Amino acid sequence: MKQLLIPALLFSGWMALLNTDLPVKGNFLPALGRFISPFQGVWQSVTPNETSFDFVGQTKGNVKILFDERDVPHIYADNLEDALYAQGYLHAANRLFSMDVSTRSAAGRLSELIGQRTIAIDRKQRERGFEWSAIQKAKSWENFEGNKAIIDAYVNGVNAYAKSLDYRDWPLEYKILSHAPVEWTSVTTALAQTNMAIALCLGEDDLEYSTAQAKLSQEDYVFLFPDHNPKERPIIPKDRLWDFAVTKAKTDGDQIGTPPNKKQTEDNRNKDLNGSNNWAVSGKKTANGFPLLANDPHLQLALPNIWYEMEIHTPEMSVHGVSIPGLPFIVIGFNEKIAWGSTNSGQDVLDWYQITWQDSSRLRYKLDEKFVDATLRIEEIKVRGAKVIIDTIRYTHWGPVTHTDEHKDMAMKWIGHQKATTNDIDYLKKINKAGDVVAYRDAVSSFQYPAQNKIFASVQGDIAISVAGVMPIRPAGHGESLTSGESTAHDWLGYIPFEHAPFIINPSRGYVSSANQAPADTSYPYPLLGKRIFEDYRGRMVNMLLDTSEHFTPSAMQALQQNNYNLHAADLLPVLLQALDSAGCLSGEGVAIASILSKWNYEYHRDSLSPVFFDLWYKEFENLTWDELDNLGVMRPEEWRMVEIAKDHPQSKYFDQLLTMAKKETFSDIACISFANMLKAYHNLEGDQGKNWGNYKQSAIPHLARFPHFGADFIHTSGGRHIINAMSKTHGPSWRMIVELSSPPKAWVNYPGGQSGNPASPHFRDMLEHYFDGKYYEVAIRNDPAAWTPSRQINISPK
Amino acid sequence: MDAIQTNQHLTEMKNKTTVAFILCIAGSLLAGIYGPWWGPAVFIMMLCALMGLTVKQSILAGSISLGLVYLGMALWMGRQDKAEIIEKTGMLLGGMSPVMMIVVTTLIGYITGLLSGWLGSVIGGVVSKK
């Protein structure tokens, strides 16, 4: 028996080693036994396995799924639940890992998958209470008739796919992370919704405004941060009359809660995150008399894409568009009667309340002259390869509390944490089936999330836009900066009633549009906060182009979606060039570059060099101008205000540089110095970044989990900030759709990516090149499955 | 007479090793396709034990067969890798080239086969003595 010892030990040790995930520099090398096995692991992931097959599912009837040439599935089902079961199955088959990661990210559960590197992210999300609110939301869905069947069908579809997988079929990312796919539930569905709300609606500047108010004189504050941009073109035209009395009904939705930390709130406005566009033009302004609707939501781009295109047929609806994996129904799209789309409203729907604790135990806080108990919630953060972390989150009347220091904690009140007061799944169900403007308004009345601009057009010829969703009514003067949490008198007074929310149907100008600008002008009876979040240029540009043109065609709409004109540059550059000219501070190369800029058409085309010069110059100009504010730790004014000050206040004290005590600089001086700095910065650009705008901008579409090399590392793109084609470094139009409301409607669509979430699939990124060349795919609803030949087919039959 | 017996013995040994080698390849393929990742190792171990191979024969048959099976499969799958998944994964796992991924795969197959064969042979020896 002794001779057995050595080979048995060696064999056992070797097999154990092959069966263990090994920690390497903060990451994990997957257990090599199965990962490197050519029968099971990474080698089996090189083929996409996109074939036709049949399976028995939890459906009431037969479901056919036919795939077209782009692998877009067309679901033909006898009832809604079966269609949604198939949708869940397809979402999982094409985005299972994306769904898992995005919902884990919202819930604060990434560390279970990744390890210690994501603990800080998880802590932040747990403090904000997103998972807890998703649990409450999922429970509240069950109170509404029909919701449970819809959610259950979708969840069952997801799990039918996930449970069918053995290791060799796992998505590659799971193999790399050595983690099995998890079961999908109604809570993860709610988290998918929350994840979108997080992406769109956490914008606020409360602490920044508080700091500015504390450190600036009233005169300076008003000068730098005026309430409204006088050039603003709000979503609802200024001639709209608001013929209702303001109501201040007490909220009927209970607070669920959330928390942040001071650092997290420092600047939620990433300049790269630049919104979305939509517009609809009535038949009066189109070449063939049919309304046209266009929508391009701008989001953080990733491979696979956030969207999944599909078509759903049931006896009650035939609808085509994009869905969000994790959620049932089509989110943006068209059916045989209507088309609809969304942009983010961008309103400030998050407020901070300063908490006064009774003592350092931080168990009781002051509210209405009494000390009341905070509710404690224990959060257990599981960390791969490390000990579980236990955190205690304190929930107050306002929401969860972040801990900065003992007596200056803040509680966060966010609209995304309010309980649903109506059936919010109903919005998607209704809009997918809607057939006219009345049904559209009924659908958007059910929209219970942070507000979005819901655009609409129909084959009957109607166009409309509604600012739909939950918009808080605050006590006068509250909501813009940090508020004392000692009195419930500071609480929200309720929400703007749906019938009072900004909307317009068939305006006389012949179009409706939105590009994240302010919803309405100052005549609107309710205050709408978000002045630093609202976009100031794209909306104006869209409206200018829609105002000045007639006889629109789908191809004109495509060109409009890809318009690269920068109105901000057009506003500011002539003033800057004039200052250089009058100061006479140019020589040599500077003269040549100023000459190039003076002939520029303000187009941010990828092959153009002028945007590089302007972008570098503007950065230098801003840095030199706002040195006083930077020194004080005060936020910078908006860019439109910068232009106004340059034009109207060239002697402003803000142009004086802090470092040059002996001299008082003016706008012209700063223009000259920043131009000289720009030249130096240009020559310091690395590689061929100075060749043109596309090279300078270095756009890329990373892999969703940021796996290097699995995304698109460099894409030569046009567009940018303040531009309709808002393609920045990694953020931009995530879905482009133009619908002609003929009967039946026709559409032109594209998105940066592909239908498959499998990096090995030819459909993982097959639409990318087409997309960045500005091309679209023409689509129409295919009602008859027998009338076309699919590239592959899945048949689901009932048990 | 002794020389003839020795030659016969050597021939039998060679034949046995060859048969074991072929069975190891076929069995590893089937166990790999239809079983868990450790299926080929268990198959080789059992085969070596049942055939009563010497340690040398077992190590030789086990290591070369599983090494070759892993190598062949890696090459076959690699040829179908239109999206360069192996290259991207190799980069992610510390900058390994596709060739290095094949080498590592083959090496893991080789060592697994070697240890499986060795253990199988020793188990076979212990069982036959009893």
Side-chain angles (χ1 to χ4, degrees), chain A residues 1-19 22 24-25 27-48 166-168 172-173 175-177 703 705-711 756 758-766, chain B residues 28-42 45 55 58-59 69-95 101-102 104-109 111-112 114-123 125-126 129-130:
Chain A
M1 288 295 279
K2 278 182 187 171
Q3 65 268 38
L4 255 177
L5 191 63
I6 292 174
L9 278 176
L10 282 174
F11 179 80
S12 309
W14 174 250
M15 296 304 271
L17 182 70
L18 290 184
N19 205 33
L22 299 172
V24 181
K25 295 178 187 172
N27 293 315
F28 287 88
L29 188 67
L32 283 178
R34 63 180 183 176
F35 183 75
I36 213 76
S37 161
F39 300 103
Q40 302 271 333
V42 61
W43 296 101
Q44 287 293 321
S45 296
V46 302
T47 50
D166 61 19
Y167 177 75
R168 88 183 67 202
L172 176 62
E173 292 91 340
K175 289 182 180 176
I176 290 171
L177 292 169
H703 179 262
R706 300 296 185 272
F707 286 173
H709 317 295
F710 280 84
S756 175
N758 180 353
S761 167
H763 298 296
F764 182 64
R765 46 184 290 175
D766 56 339
Chain B
S28 300
L29 271 170
L30 290 172
I33 292 167
Y34 297 108
W37 71 267
W38 40 264
V42 172
M45 191 167 61
V55 168
S58 300
I59 284 177
V69 165
Y70 268 41
L71 174 66
M73 279 295 291
L75 288 172
W76 168 248
M77 296 308 294
R79 279 173 63 93
Q80 299 172 58
D81 184 12
K82 303 283 187 286
E84 298 170 341
I85 293 300
I86 297 304
E87 184 177 353
K88 291 171 184 170
T89 307
M91 297 283 277
L92 196 64
L93 302 179
M101 288 287 280
I102 292 172
V104 169
T105 303
T106 307
L107 199 61
I108 285 176
I111 295 171
T112 306
L114 183 152
L115 293 172
S116 306
W118 183 12
L119 182 60
S121 164
V122 176
I123 290 171
V126 169
K129 274 181 192 170
K130 282 186 176 177

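A, B, ... follow the sequence lines: proteins, then strands. Residue 1 opens every chain. Bear in mind that the values here come from a model prediction, so they are computed numbers and not experimental data.
- The nearest pair of heavy atoms linking Ala83(B) to Pro759(A) is CB-O, 3.4 Å.
- Put simply, of Val55(B), Asp81(B), Val69(B), the one with the most heavy-atom pairs under 4.5 Å next to chain A is Asp81(B).
- Note: Met73(B) CE to Gln44(A) CD = 5.5 Å, rounded to the nearest 0.5 Å.
- Atom CZ of residue Phe707(A) and atom NZ of residue Lys88(B) lie 13.0 Å apart, to the nearest 0.5 angstrom.
- Leu92(B) and Pro708(A) get closest at one heavy-atom pair: CD1-CD, 3.2 Å.
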Practice item. Go through the steps to decide whether Met101(B) and Ile36(A) satisfy the test side-chain contact (heavy atoms from CB on, under 4.5 Å), and finish with yes or no. Key: CA-CA 8 Å; Met101(B) 288 287 280; Ile36(A) 213 76; 4.3 Å; yes

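- Across all non-hydrogen atoms, the minimal contact from Leu18(A) to Thr112(B) is CD1-OG1, 3.7 Å.
- Pro30(A) touches chain B through its side chain: at least one heavy atom from C-beta onward sits under 4.5 Å away, while N, CA, C and O do not.
- Using a 4.5 Å cut-off between heavy atoms, Thr106(B) makes no contact with chain A at all.
- Atom CZ of Arg79(B) sits in a sparse spot, with 12 or fewer heavy atoms from other residues, nucleotides or ligands closer than 6.0 Å.
- From Trp43(A), atom CH2 reaches atom CD1 of Ile85(B) across 11.5 Å, with rounding to the nearest 0.5 Å.
- For Leu4(A), the parts lying near chain B are the backbone and the side chain together; criterion is any non-hydrogen pair under 4.5 Å.
- Residue Ser116(B) touches chain A through both its backbone and its side chain, counting heavy-atom pairs closer than 4.5 Å.
- Interface check for chain B: of the options Ser45(A), Ala8(A), Gly33(A), Ser37(A), the most heavy-atom pairs under 4.5 Å are formed by Gly33(A).
- Heavy atoms closer than 4.5 Å to chain B are found in both the backbone and the side chain of Gln3(A).
- In this structure the side chain of Val122(B) never reaches within 4.5 angstrom of the side chain of Phe11(A), judged on heavy atoms.
- Looking at Ile102(B), both its backbone and its side chain come within 4.5 Å of chain A, counting heavy atoms on both sides.
- Taking NE2 from His709(A) and CD from Glu87(B), the interatomic distance works out to 8.5 Å, rounded to the nearest 0.5 Å.
- The two residues Phe39(A) and Ser28(B) come nearest to each other via the heavy atoms CZ-O, 4.0 Å.
- Smallest separation of non-hydrogen atoms from Ala41(B) and Met15(A): CB-CE, 3.8 Å.
- Proximity to chain B involves both the backbone and the side chain of Leu10(A), based on heavy atoms less than 4.5 angstrom apart.
- Of the two parts of Phe28(A), neither the backbone nor the side chain holds a non-hydrogen atom closer than 4.5 Å to a non-hydrogen atom of chain B.
- Note that CG of Leu32(A) is 8.0 Å distant from CG of Leu93(B), once rounded to the nearest 0.5 Å.
- In this structure, chain A has no heavy atom under 4.5 Å from any part of Leu114(B).
- A donor-acceptor pair under 3.5 Å is formed between the side chain of Arg168(A) and the backbone N or O of Ile33(B).
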